[in-house]
Amino acid sequence: MIRTPFGVLSSLAGCALAFALPRQQDEFRGAPELPVPTRPLDWGDVNFLSTSDTHGWLRGHQHNTWPEPNYSGDFGSFASFASHMRAKADADGVDLLLVDAGDHHDGSGLVSSSPEAAGLTDDIFGMLPYDVLALGNHELYKYEAARWIYDRRERWWVIRAGASDSRNGRFLTSNTNITVEEDGKVLDVPIADRFAKFKTKQGRKVTAFGVIFKFKAHDRNITVQAPSKMAKEAWFLDAIRDAPDYFVLVGHMPARGETSEWLPLYDAIREQHPLVPIFIFGGHTHVRDCVQYDGRTIAVVPGRYLETIAFTSSTLPPAEDDGKALRMNRRYIDANEVSYRWHTGTTERSFNTALGLNISEALFTLASDLKLSRVYGDVPHDYFLTRHPYGHPRSIITVFERQILPEALEDEKRRDYPRIVIGNAGSLRFDVFKGTFDKNDELTVSPFTTSFFYTRLKLGVGKAIANEMNRAGASKLQPMSAQEEDEAHVQRVYNEWLAAQWNTYLENGGDEADVYEESDQTPLGRPVPRKPKTLGYVTHDACPGRGDDIEHIPVPFSPNQVDFICTPLSGVSDNEEVDVVVMDFAMDDFLVAARSLRPDLRLNWNDFKPYAEGTLINAIFSKYAKIAW
Ligand SMILES: *[C@@H]1O[C@H](CO)[C@@H](O)[C@H](O)[C@H]1NC(C)=O
Ligand SMILES: *[C@@H]1O[C@H](CO)[C@@H](O)[C@H](O)[C@H]1NC(C)=O
Ligand SMILES: *[C@@H]1O[C@H](CO)[C@@H](O)[C@H](O)[C@H]1NC(C)=O
Ligand SMILES: CC(=O)N[C@H]1CO[C@H](CO)[C@@H](O)[C@@H]1O
Ligand SMILES: [Zn+2]
Ligand SMILES: [Zn+2]
């Protein structure tokens, strides 16, 4: 129960839509003992480890709620893994390349604390020598972030690692330019190299590119060319003219679907080289995916937040090329030390390499400098973004609406005025887990700096507007900004992927009960056996064979979510005037809904005044944690 100036709120519904709710359950919480892989990797002549959309999760996932422990490997353990994999490749006389498809920024506390912190995190990323890296849209929203890369393009890999060969790794920006002023001249130049031709340790010739989908929301003085246009550029056609042993295309776009623009590049290459293998590594939609465009092309996407490392392998054509399909494979490895050790035959003692330990230490030091481990409270339960429907007591959106906002958003001067608060559910980005809640968790759950404004309206009118906003749905009322559109697209594709996993599981006789702990009661009231598998991703992609390294039960997903929240208010009649507080991100939708419902009120931005001035949304979480957790 939470007491606020407006009474006890926890049992009240918000003023938006309601869904029928299942029984309340606690989540499964075993000892964080990780499942062990059972199938060795299928090595080929050419092998890749790929990452994408790490969004600053370089310290790994640190909570005990499943499936988090599965992704507990930090970037240092990944570096150790990569070193052992390289050593194995060298010993076997095969290629192993390391590639990343961008989106390093905006996510965990490391990169969301400040632009400087994001840059310092980039430098730590640069300690691990990748063969090819691409930029994501999150490196292009702010000129400074792209400039950070540009300024380091020649020495990206030597900053901390002490590597002697500065061309050991390559940032490739085939279709992205930056405008810079140098020696009084204004130059429009690619941020890094447009392409690279290099030889692997085994002497194989590689031609590589780094691209991004045609996106519009980039900052000023950055230019992004559509991949379909790039495919016609003279420099590109020139770069692909000589046949390498294989092509490597790394880029920030999915393997298929709406924002995927691999096909024009693929077609251009195939026109000149019908048989040269093409390896494509994508990202952006945060899902695990794989598709083969032909028997000698594979496109692999490794998911998000350093949860997955994708391993891709292939044979190469025989000397007397028979033109036949190659044996191509992909495996989605859960990013943790147990998986890493199993696949490299290392032990707890032999696993960590000097570079891996250095990286972990650099991450620890940066996190300490940023005070990311400062604890604000102890969360009593797991609260999830999409595992439960809106209205469920373990839905973070619901708890935010009914407890956190009512309790922790405060305007000294408006204390005596009853109020409702209307905002975007999309301003929350991640689950909140049982256990300590620290600065990193706060920045992760909501990295945004949205603020609040209020006007005076009858309570009934405010509630009706909130309902209208939800009826119309986010973005349907108001054309979104290009950046919001990018974000909403990623969220939609990722949520559809989660929903499909969960629905397939239920359709195949999977039991919701298996997700919960022994002591819990199922919805049917019978005790549940301890579950045999851990929660995680269950991937059904378009490549042959099983992609997931570990078999999981999918994470439950509820489609019953709202786009907008509205805090409850009791003891006030619908006819009374109250403060109607609106988050600035939700303001456009609010005004459109208000004008359609009550055109007579002629509401616009000027009718609003700042509320709780200086309060940003993410600070509300730490404030609440200090009071209630
Ligand atoms: C773009 O960069 C140029 C050169 O540094 C600068 O003069 C100009 O003001 C920038 N334009 C914008 C819109 O920021
Ligand atoms: C990027 O910069 C290069 C070098 O200045 C220039 O030739 C090219 O036209 C630019 N590309 C785009 C799409 O602006
Ligand atoms: C690890 O860090 C130490 C101290 O900064 C440095 O001397 C050493 O070269 C580093 N080793 C590797 C493999 O990065
Ligand atoms: C092997 C491994 O990474 N184990 C970790 C599993 O997750 C728990 C909690 O997140 C960690 O404490 C373990 O070290
Ligand atoms: Zn991303
Ligand atoms: Zn992206």
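Each ligand, and each atom within it, is numbered from 1 in the order the structure gives.
The aromatic rings of Phe75 and Phe78 sit tilted, their planes meeting at an angle between 30° and 60°. Ring-plane geometry between His138 and Tyr141 is classed as perpendicular, the angle between the planes exceeding 60 degrees on a 0 to 90 degree scale with a lower cut at 30.
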Would you mind writing out the side-chain donor-acceptor pairs for residues 211-218 within the sub-3.5 Å range, not counting sequence neighbours?
{"unit_1": "Lys214", "atom_1": "NZ", "unit_2": "Val224", "atom_2": "O", "d": "2.9"}
{"unit_1": "His218", "atom_1": "ND1", "unit_2": "Ile222", "atom_2": "O", "d": "3.1"}

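Contact annotation: for Leu355 versus ligand 3, heavy atoms closer than 4.0 Å belong to both the backbone and the side chain.
Of the protein's non-hydrogen atoms, the one nearest atom 6 (C) of ligand 1 is Asn221 ND2, 4.2 Å. Ranking the protein heavy atoms by distance from atom 13 (C) of ligand 1 puts Arg220 CD, 3.5 Å first. The protein non-hydrogen atom at the shortest distance from atom 5 (O) of ligand 1 is Glu181 OE1, 3.2 Å.
Side-chain contact annotation: Thr308 with Arg288, donor-acceptor N/O pair under 3.5 Å present. Ser72 and His61 are not linked by any side-chain donor-acceptor pair at a separation below 3.5 angstrom, with hydrogens and angles left out of the test. Between Asn560 and His388, the side chains place no donor N or O within less than 3.5 Å of an acceptor N or O (distance only, hydrogens not considered).
Listed by chain and number, the protein atoms of type N/O/S under 2.8 Å from the Zn ion (ligand 5) are Asp53 OD1, His55 NE2, Asp103 OD2, His286 NE2; waters are omitted.
For atom 11 (N) of ligand 1, the nearest protein heavy atom lies closer than 4.0 Å.
Between Phe236 and Phe195, the ring center distance fails the sub-6.0 Å criterion.
The backbone N or O of Ser622 lies less than 3.5 Å from a partner atom in the side chain of Glu442, making a donor-acceptor pair.
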